[in-house]
2 protein chains.
Amino acid sequence: MSDFSCYKVGRQLIPEIDVLLKKRFRILQAIHAAGPLGRRTLADFLHVTEREVRNETTLLHEQQLIEIGQKGMICTQLGYEVLEQLKPLYYELSGLAQKEQQLAEKFGIERVIIIPGSFRSEASRILLGKEASKWLVKLVQEGSKIAVTGGSSVAAIAPYLQPVDSMPSVKFIAARGGIGEEMSLQANILVSQFAKACHASYKTLFMPEFLSEQAYVAMKAEPSVQEIIRLYEEVDIVLHGIGTADEMAEKRGSSEADKALLTEKGAVGEAFGYYFDAEGRIVHQIRTICIQPEHVKQSRYVLAIAGGEEKAKAIEAYFKNAARQTIFITDEAAANEML
Amino acid sequence: MSDFSCYKVGRQLIPEIDVLLKKRFRILQAIHAAGPLGRRTLADFLHVTEREVRNETTLLHEQQLIEIGQKGMICTQLGYEVLEQLKPLYYELSGLAQKEQQLAEKFGIERVIIIPGSFRSEASRILLGKEASKWLVKLVQEGSKIAVTGGSSVAAIAPYLQPVDSMPSVKFIAARGGIGEEMSLQANILVSQFAKACHASYKTLFMPEFLSEQAYVAMKAEPSVQEIIRLYEEVDIVLHGIGTADEMAEKRGSSEADKALLTEKGAVGEAFGYYFDAEGRIVHQIRTICIQPEHVKQSRYVLAIAGGEEKAKAIEAYFKNAARQTIFITDEAAANEML
DNA sequence: TACAGTTGGTCAAAATTAGTCCCATGTTTT
DNA sequence: AAAACATGGGACTAATTTTGACCAACTGTA
């Protein structure tokens with residue numbers, strides 16, 4: 001699966017396959033991703049008419065790519081194989097492959113993966129979760145130490161992590177303390193979920209986000225904190241999201257004065273607790289224990305996850321000054337915004 | 001062009017491409033073969049409705065695979081390339097590739113080429129001519145001596161022979177004298193046509209078909225006849241047709257007694273002036289000067305051309321005892337009959 | 001039991017396609 | 001020169017397919 005020459009020739013005689021392939025691929029992919037579901041749900045999901053879904057699914061059923069039960073439609077093994085084999089072609093057709101390439105070059109990083117659609121939609125977040133989990137499994141080695149930040153994008157991975165042979169020896173490490181009230185999206189919660197999902201161990205770092213100078217120094221001297229700082233130095237893989245500056249400030253419940261200060265300094269994005277401006281320069285950082293940029297640069301791989309058109313500017317800024325060994329998973333909406 | 005894996009996977013999602021590809025390929029091929037021609041003519045040609053031709057040709061036109069002028073439709077360079085590249089796929093889809101293989105194995109010969117349709121139709125004969133001429137050019141070498149028999153199938157090549165670099169040194173040799181009245185299909189006429197078409201030289205053998213024993217012996221002693229017999233021994237390529245026994249007897253104006261004799265001996269087919277039975281055994285031969293079976297077997301290549309369902313039995317019989325180095329070009333009608 | 005979600009069936013309306021014929025024009029043959 | 005022929009493009013009605021929107025029966029689940 002790498003040579004589409006016969007497809008490209010065939011397309012000259014049968015131009016309609018392009019749209020057909022895309023349509024059906026999307027539907028099959030959605031069925032595969034969203035498990036058993038019915039016509040109407042699927043139609044809402046993909047923003048197409050029920051009729052269209054019905055037409056295509058009956059065909060997919062005839063082709064034995066899906067099974068139809070009373071709980072809804074489900075993707076067969078054959079369907080999954082077709083999906084896997086046609087994925088590069090689909091990406092090619094949708095121009096996603098090209099956009100991935102362009103972004104990777106623009107940012108000067110290892111690889112960019114674009115998920116069709118927008119992370120705002122359920123469908124894309126499912127695909128995101130599967131894709132990110134696939135990469136994580138691919139990158140992980142015996143005894144890997146994985147630093148994890150919070151955020152909804154990173155959280156999307158959780159449902160799709162599965163135990164793998166090498167997994168019991170890996171360790172998930174909270175890259176920093178929690179933020180705001182959304183407990184379920186905190187780094188601490190996520191590492192425990194991840195670890196549980198794949199039978200690995202984990203290390204949390206419970207600590208307030210805003211510390212006074214004295215408290216900060218005092219905490220840093222604590223043995224338990226010393227230990228996690230040492231761990232940060234040995235991190236193999238960093239798994240993190242990227243946020244917009246105002247969104248993060250909002251979530252952290254920053255004061256109006258602080259927000260104004262951030263704006264004044266030109267902060268547009270946030271990652272690992274660091275705010276950076278449009279040029280990727282760090283303009284502010286939270287005084288808390290967290291993984292340091294130099295640790296990130298030293299790690300073997302960085303898996304960055306962020307999507308949604310509203311984050312486009314923050315992402316572009318972040319990658320002005322990011323680790324080369326980054327693999328970035330984003331969505332079509334953000335990718336289009338950035339190109 | 002040899003790996004259709006992506007096509008085969010894609011077909012699972014888009015089963016309709018099969019029929020579409022076949023339909024459009026046929027139309028494009030016909031336009032390419034039959035030169036500039038109009039909708040209605042083309043429709044008759046392919047036995048489809050005018051509407052269908054119209055639909056497909058407008059599409060082909062949009063795809064710039066054909067051009068539409070006032071003399072009719074004509075295949076563009078791009079169209080020709082698509083045609084060439086998709087041909088193996090088309091053969092695969094139509095099952096022709098498989099049938100070719102089966103026949104080649106059944107007959108124990110080098111290669112079988114099946115032309116879509118039936119040689120009775122103009123369209124197929126044009127394709128036959130082009131294909132056969134392509135093979136002839138491929139097989140020919142500097143100084144090749146090519147023995148040629150008569151018949152409508154062999155005659156179909158003439159319009160498509162073109163001068164090639166090595167051609168001036170080759171020599172076309174009439175494999176035997178003329179038959180019947182149809183001058184234009186006689187071996188003698190054909191060799192001169194062929195030679196003229198590709199700027200080669202030729203050798204004719206004008207002689208009655210039926211000789212008395214004395215005349216036969218006398219003729220054989222003639223220096224000019226001796227010369228051509230010597231040429232037969234040095235033939236590199238044999239280009240011949242295969243006929244049914246009764247058809248040939250009819251053409252030769254044989255007497256009822258002779259016909260009865262042939263029937264009695266079980267003759268079903270004819271080639272090079274030899275009649276053979278269902279087992280490929282020679283049961284009768286015309287007393288005239290012509291190329292000998294052993295010369296044929298010694299030649300580098302044999303290009304046999306015969307089609308039409310009525311010839312199926314004769315063909316099968318002939319190949320019971322034919323040279324292994326034969327390349328056989330036939331039509332779909334005969335192929336289906338034989339399988 | 002009530003409910004939310006599923007498939008498969010149905011059916012009229014809308015849209016598309018198929019099947020013809022015609023015509024002005026250019027080409028070939030007479 | 002004239003006539004016969006073949007061409008693409010236009011046009012229009014009938015037939016067919018597609019669409020959109022229901023409803024009934026069924027099945028797990030709360």
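Order of the sequence lines sets the chain letters (A, B, ...), proteins ahead of strands, with each chain counted from 1.
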| B:Ile68 CD1 to C:dT25 C1', straight-line distance once rounded to whole Å | 16 Å
Would you mind writing out the side-chain donor-acceptor pairs for residues 24-34 of chain B within the sub-3.5 Å range, not counting sequence neighbours?
{"from": "B:Arg24", "atom 1": "NE", "to": "B:Glu56", "atom 2": "OE1", "distance (Å)": "2.6"}
{"from": "B:Arg24", "atom 1": "NH1", "to": "A:Leu13", "atom 2": "O", "distance (Å)": "2.9"}
{"from": "B:Arg24", "atom 1": "NH1", "to": "A:Glu16", "atom 2": "OE1", "distance (Å)": "3.2"}
{"from": "B:Arg24", "atom 1": "NH1", "to": "A:Glu16", "atom 2": "OE2", "distance (Å)": "3.2"}
{"from": "B:Arg24", "atom 1": "NH2", "to": "A:Glu16", "atom 2": "OE2", "distance (Å)": "2.8"}
{"from": "B:Arg26", "atom 1": "NH2", "to": "B:Leu46", "atom 2": "O", "distance (Å)": "3.1"}

| said: Using only atom types and a distance under 3.5 Å, with no angle test, would you say the side chain of A:Ser94 pairs donor to acceptor with the backbone of A:Tyr91? | reply: no
| Is it true that a side-chain atom of A:Thr204 and a backbone atom of A:Ile189 form a donor plus acceptor pair closer than 3.5 Å? | no
| field | Given B:Ile74, B:Leu78, B:Leu60, the one that forms side chain to side chain contact (heavy atoms under 4.5 Å, CB included) with B:Ile66 | value | B:Leu60
| Nearest heavy-atom pair of B:Phe194 and B:Val154: which atoms, and what distance? | CZ-O, 3.6 Å
| query | Would you say C:dG5 has OP1 or OP2 under 4.0 Å from some side-chain N or O of A:Thr41? | reply | no
| field | Contact residues, residues 12-22 of chain B to DNA chain C [heavy atom, < 4.0 Å] | value | none
| Can any side-chain N or O of B:Ser133 pair as donor or acceptor with the backbone N or O of B:Tyr160 at less than 3.5 Å? | yes
| field | Atom-to-atom span, CG of A:Leu42 to C1' of C:dG5 - whole angstrom | value | 14 Å
| remark: When rounded to the nearest 0.5 Å, the distance separating CD of B:Gln12 from CD of A:Gln63 is 7.0 Å
| query | Backbone N or O of A:Gln64 within a donor-acceptor pair of the A:Thr76 side chain at under 3.5 Å? | reply | yes
| task | Work out how much the helix from C:dT1-D:dA30 to C:dT30-D:dA1 bends between its end axes, five pairs an end, to the nearest 10 degrees. | result | 30°
| remark: Contact string for nucleotides 15-30 of chain D, one letter per nucleotide 5' to 3', B = base within protein heavy-atom range under 4.0 Å, S = sugar-phosphate only, - = neither, reads ----BBBBB---S---
| query | salt bridge (Lys or Arg N to Asp or Glu O under 4.0 Å): which pairs involve residues 60-79 of chain A, sequence neighbours left out? | reply | none
| Spacing of A:Asp44 atom CG relative to C:dT6 atom C1', expressed in whole Å | 14 Å
| query | B:Thr330 side chain to B:Ile114 main-chain N or O, any donor-acceptor pair under 3.5 Å? | reply | no
| task | Starting from P on C:dT7, measure out to CG on A:Leu60 and report it in whole angstrom. | result | 13 Å
| Gap between atoms CD1 and P, on B:Ile74 and D:dA6 respectively (whole Å) | 19 Å
| task | Using whole Å, report how far CG of B:Leu37 lies from P of D:dT7. | result | 6 Å
| What residue pairs, at least two apart or across chains, pass salt bridge (Lys or Arg N to Asp or Glu O under 4.0 Å) with a residue in residues 123-136 of chain A? | A:Lys87-A:Glu131, A:Glu122-A:Arg125, A:Glu131-A:Lys134
